[in-house]
Amino acid sequence: MIEKKEFYINGAWTAPAAARDHEVINPSNEEPCAVISLGDQADTDAAVAAAKRAFPAWASTPVEDRIAKVEKLRDIYKRRGEEMAQAISLEMGAPIDMASTQQVGAGSWHMDALIKAGREFHWVAPLGDHAPNDRIVHEPIGVAAMITPWNWPMNQISLKVAAGLIAGCTMVLKPSEESPLSAMLFAEMVDEAGIPAGVFNLVNGDGAGVGSQLTAHPDVDMVSFTGSSRAGKLISKSAADTLKRVSLELGGKGANLIFADADDKAVKRGVLHCMNNTGQSCNAPTRMMVERSIYDKAVETAAEVAQSVTVAAADQSGNHMGPVVNKTQFDKIQDLIQTGIDEGARLVAGGTGRPEGLNRGFFIKPTVFADVTPDMTIAREEIFGPVLSIMAFDNEEQALEMANDTVYGLTNYVQTQDPARLKRAALALRSGMVEMNGKGRGLGSPFGGMKQSGNGREGGKWGLEDFLEVKAVSGWPDEA
Ligand SMILES: NC(=O)c1ccc[n+]([C@@H]2O[C@H](COP(=O)([O-])OP(=O)(O)OC[C@H]3O[C@@H](n4cnc5c(N)ncnc54)[C@H](O)[C@@H]3O)[C@@H](O)[C@H]2O)c1
């Protein structure tokens, strides 16, 4: 069993102030695979103090030197990608091939984008020709607390840490207690990259402990949080007493609008996207809304695609689906599937219980419901598992209304060959992102939501701005 009980504070691996062991469970077999420590107030205080001490020197380090350190970190990360894939796969259950490509790949992709954005960013920018002696100066906010979830661990950590480093912030990372192994490996890489002591610190802990201590800490200047809307609300309240800046990336309930003229791969693509990472993605297209004239065919195709998805342990090679992360999620998803049945949705694939042949591990059947109505629980709640809800619509107006009828607003999807409709839908959907006809977003595109999906924007130049103060200066001397 892996034993990793220390925290990374002030450039050194440090024993916790008090022993509080926590077992990390391998979701593929429900057995403990590692022991870590959960920190307490003394560990949090030590990490925040180290970050505070390191801030003046790091903030005044030239930005090109900060970027050079992140480039080094990115290179080490790429070199040690296989180790990272193993850690992610073990702790949160992503199948090893998917962990190597998508999970690890997301981290280097974001670091590349942030490096590019840092180089192109106007750190000191003119206000405009009408005010030639005004400058807008961008400065790091200070000490950032970074609190991350388990579902895409390196995606989230790289977005926050690389942006914070380039911006000139110092930081304390509290990764999810479900996925600490990848985060500790990342800390080793930060150390190897020669990032100065105190700039990056890591303390493991849970939300009620280290998480809350960070969000309430008087010496933390901002909180960058990715996780559930539930925790986002608690964090906002906790940070209010010290008026910290709070950047939130929360849950979602993405709609995928499939019009009758959609390409013939649209339904299959939508189902597989929903099931990717065992449905544990905030931007998963979990509400498939289909124009009535192609509805029956779409339901049939969706059921076939879901039935073709195989399920197996995370350490097996192949393109199967792995388990969900833990028993709490397993039980919650089982309950929601049962609720879907009880409320009258038509089960066309999957259902409650484990897939055939799997008696241990948090495995869920790839599940599809048809005839879902907007008031049903499965149409409203983020399930965070491989469960798709299919609904019918009669016209564009109704489709857009149904898509926007949610407290969330993270990513919506549109499938149609009609260019005018694509543009209308892109503008009408109330979400931070709209992806159309299966085209992924480009390098450096901002990731974030509206409404209860949060207020932050991560990635590229918008990701840097989350960690920056804007200072307005007048009377700037004329350039020689
Ligand atoms: N919008 C995005 O960018 C995005 C990306 C990935 C995941 N998510 C969301 O994350 C959720 C799944 O992740 P999760 O189950 O780990 O979420 P979670 O909210 O339970 O936990 C996320 C992190 O917050 C910490 N935390 C929990 N309560 C806290 C509190 N009161 N104070 C401080 N920290 C606290 C946890 O320890 C963990 O590190 C889903 O809702 C998903 O949609 C959002």
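In each ligand, atom 1 is the first atom listed, and ligand 1 is the first ligand listed. Heavy-atom basis, side chains included; hydrogens, waters and symmetry copies ignored.
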What residue among Arg80, Arg74, Lys69 forms salt bridge (Lys or Arg N to Asp or Glu O under 4.0 Å) with Glu192?
-> Arg80
For the residue pair Ala34 and Leu181, what are the closest heavy atoms and their distance?
-> CB-CD2, 3.8 Å
Distance in Å, Arg230 CZ paired with Glu382 CD, rounded so as to fall on 0.5 Å steps | 12.0 Å
Is the shortest N/O to N/O distance between Ser453 and ligand 1 below 3.5 Å?
-> no
For ligand 1, which atoms sit closer than 4.0 Å to a heavy atom of Glu177?
-> 36 (C), 37 (O)
Below 3.5 angstrom, do we get any N/O pair linking Glu458 and ligand 1?
-> no
Checking heavy-atom distances from atom 33 (C) of ligand 1 to each of Ala231, Gly211, Pro149, the winner is Gly211
CZ-CD1 distance between Phe225 and Ile235, expressed to the nearest 0.5 angstrom | 4.0 Å
Output the distance between atom OG (Ser179) and atom CD1 (Ile88), rounded to the nearest 0.5 Å.
-> 8.5 Å
Could you walk me through whether Phe186 and Met84 pass the side chain to side chain contact (heavy atoms under 4.5 Å, CB included) check?
-> CA-CA 8 Å; Phe186 190 81; Met84 185 57 84; 4.2 Å; yes
Filtering Ala239, Gly252, Gly205, Ser228 for the heavy atom nearest atom 11 (C) of ligand 1 leaves Ser228
May I ask you to check whether Thr215 has an N/O atom sitting below 3.5 Å from an N/O atom of ligand 1?
-> no
Relative to atom 31 (N) of ligand 1, which among Asn151, Val223, Leu234 owns the nearest non-hydrogen atom?
-> Leu234
Are Asp331 and Lys327 ion-paired here, with the side-chain N under 4.0 Å from a carboxylate O?
-> yes
Measuring from the heavy atoms of Ser212, does anything fall under 4.0 Å of ligand 1?
-> yes
Below 4.0 angstrom from a heavy atom of Arg230, which ligand 1 atoms are there? Numbered from 1 as shown, please.
-> 20 (O), 27 (C), 28 (N)
Should one rank Thr226, Leu410, Ile147 by closest heavy-atom distance to atom 22 (C) of ligand 1, which comes out on top?
-> Thr226
Would one find an N or O of Leu250, backbone or side chain, under 3.5 Å from an N or O of ligand 1?
-> yes
